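Accompanying notes for the structure given below.
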There are 2 protein chains.
Amino acid sequence: MSKKVIVHEKSDMCKGQLRSVHDTLDLLSGKWKISIISSLSFSGKRRFMELQREVEGIGAKMLSKELKELEINELVIRTVYDTKPVTVEYALTPYGKTLQAVIHEMSKWGSLHRKRIIKQSNDKSKAA
Amino acid sequence: MSKKVIVHEKSDMCKGQLRSVHDTLDLLSGKWKISIISSLSFSGKRRFMELQREVEGIGAKMLSKELKELEINELVIRTVYDTKPVTVEYALTPYGKTLQAVIHEMSKWGSLHRKRIIKQSNDKSKAA
DNA sequence: GAAACCGCTTTCTTTTTGGAAACTACTTTC
DNA sequence: GAAAGTAGTTTCCAAAAAGAAAGCGGTTTC
């Protein structure tokens with residue numbers, strides 16, 4: 001019996017990890033959420049237009065929609081300042097900041113990946 | 001001038017990190033890729049049908065498509081064994097394994113997130 | 001030789017996503 | 001009072017992603 005139990009536990013562990021990844025993916029779904037969180041993570045806080053400029057290619061509609069979803073999930077906080085032309089600032093909540101480890105690993109990996117791709121294209125041009 | 005240059009460098013760093021995250025996202029785009037990589041990461045290797053069972057909800061078409069893209073990007077390797085009913089195994093390449101840090105952070109975060117959600121719903125039912 | 005299993009591919013349809021442009025509402029600047 | 005800037009929302013449309021279901025080519029099993 002012990003063997004069967006061990007196998008069963010391993011399978012459960014695997015399923016549990018898979019479920020955890022899936023849970024994370026659920027909150028970060030959509031083309032832009034991770035980029036928005038990254039932007040806020042790297043810069044601290046941003047206004048609507050700043051985000052739109054920084055997250056390349058995003059339109060106002062999508063930015064607005066994604067920010068709302070991030071707010072609902074308590075990853076981002078929206079603050080309105082009653083200034084001359086109204087100012088709105090977005091920032092990561094403390095909970096949102098707990099995602100920074102994920103973002104950081106993605107940033108690290110992307111940087112290595114870029115180096116690899118560049119190296120590959122260099123190797124190709126040398127061979128030619 | 002020194003101040004301006006520093007600001008400029010910071011902005012460049014931020015852009016670089018954003019670009020790195022974007023590069024990573026590019027390779028992992030699609031609803032299923034991260035789940036597939038996770039499954040292979042946690043289990044070592046899997047056959048087509050095993051993957052389809054393990055990645056909940058995925059259909060054969062999507063699984064096939066996503067696996068092809070992962071193969072093209074050299075994250076996954078496909079091995080065909082010439083057995084009675086043909087056997088095909090998928091596994092992470094050494095390069096694909098470099099993504100495990102990202103996956104691991106996602107798994108960790110998802111696990112914490114689930115605890116938070118459960119705690120919240122407990123608190124609610126207590127309050128009621 | 002019919003059924004069943006593996007590893008897909010193809011077709012067809014639905015859903016989701018995303019973008020462009022116009023519009024709101026309010027304020028400052030010229 | 002016209003233009004321009006902030007922070008969006010709304011509408012309308014196109015493209016992309018995804019799903020369901022059927023089919024295919026091969027083999028083993030009964």
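So that the names make sense, note that chain A is the first sequence line, chain B the second, and so on, each numbered from 1. The figures here come from the full heavy-atom set of this structure, side chains too, leaving out hydrogens, waters and symmetry mates. It should be emphasised that the depicted structure is a prediction, and the values quoted were computed from it without experimental measurement.
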Within a strict 4.5 Å, meaning less than it, do heavy atoms of the A:Q52 and A:I58 side chains meet? yes
Base, sugar-phosphate alone, or nothing: which one does B:Y81 contact when heavy atoms must sit under 4.0 Å apart? nothing
Can you pull the contact range of chain B along DNA chain C, 5' to 3', using atoms under 4.0 angstrom from its heavy atoms? C:dC6 to C:dT11
Give me the residues of residues 31-65 of chain B where at least one heavy atom lies under 4.0 Å from an atom of DNA chain D, by number, or none. B:K31, B:W32, B:K61, B:M62
Please determine whether the number of non-hydrogen atoms from other residues, nucleotides or ligands lying under 6.0 Å from atom CD of B:Q120 exceeds 12. yes
Which side-chain N or O atoms in residues 95-104 of chain A pair as donor and acceptor under 3.5 Å with protein atoms at least two apart or in another chain?
unit_1 : atom_1 : unit_2 : atom_2 : d
A:Y95  : OH     : B:H113 : ND1    : 2.5
A:T98  : OG1    : A:Y95  : O      : 2.4
A:T98  : OG1    : B:W109 : NE1    : 2.9
A:Q100 : NE2    : A:S41  : OG     : 3.0

If you compare all heavy atoms of B:E66 against all heavy atoms of B:K33, which two are closest, and at what distance to 0.1 Å? OE1-NZ, 2.9 Å
Please name the pair of heavy atoms, one in A:E74 and one in A:T93, separated by the smallest distance, quoted to 0.1 Å. O-OG1, 2.7 Å
Here the pair of heavy atoms bringing A:K45 nearest to A:E50 is O-OE1, 4.4 Å
Is it true that, when you exclude A:I77 itself, more than 12 heavy atoms of the residues, nucleotides or ligands shown sit nearer than 6.0 Å to its CD1? no
Please compare A:V86 and A:K68 by the position of their nearest nucleotide in DNA chain D and report the one closer to 5'. A:V86
Shortest non-hydrogen contact between B:S35 and A:L25, atoms and distance: OG-CD2, 3.8 Å
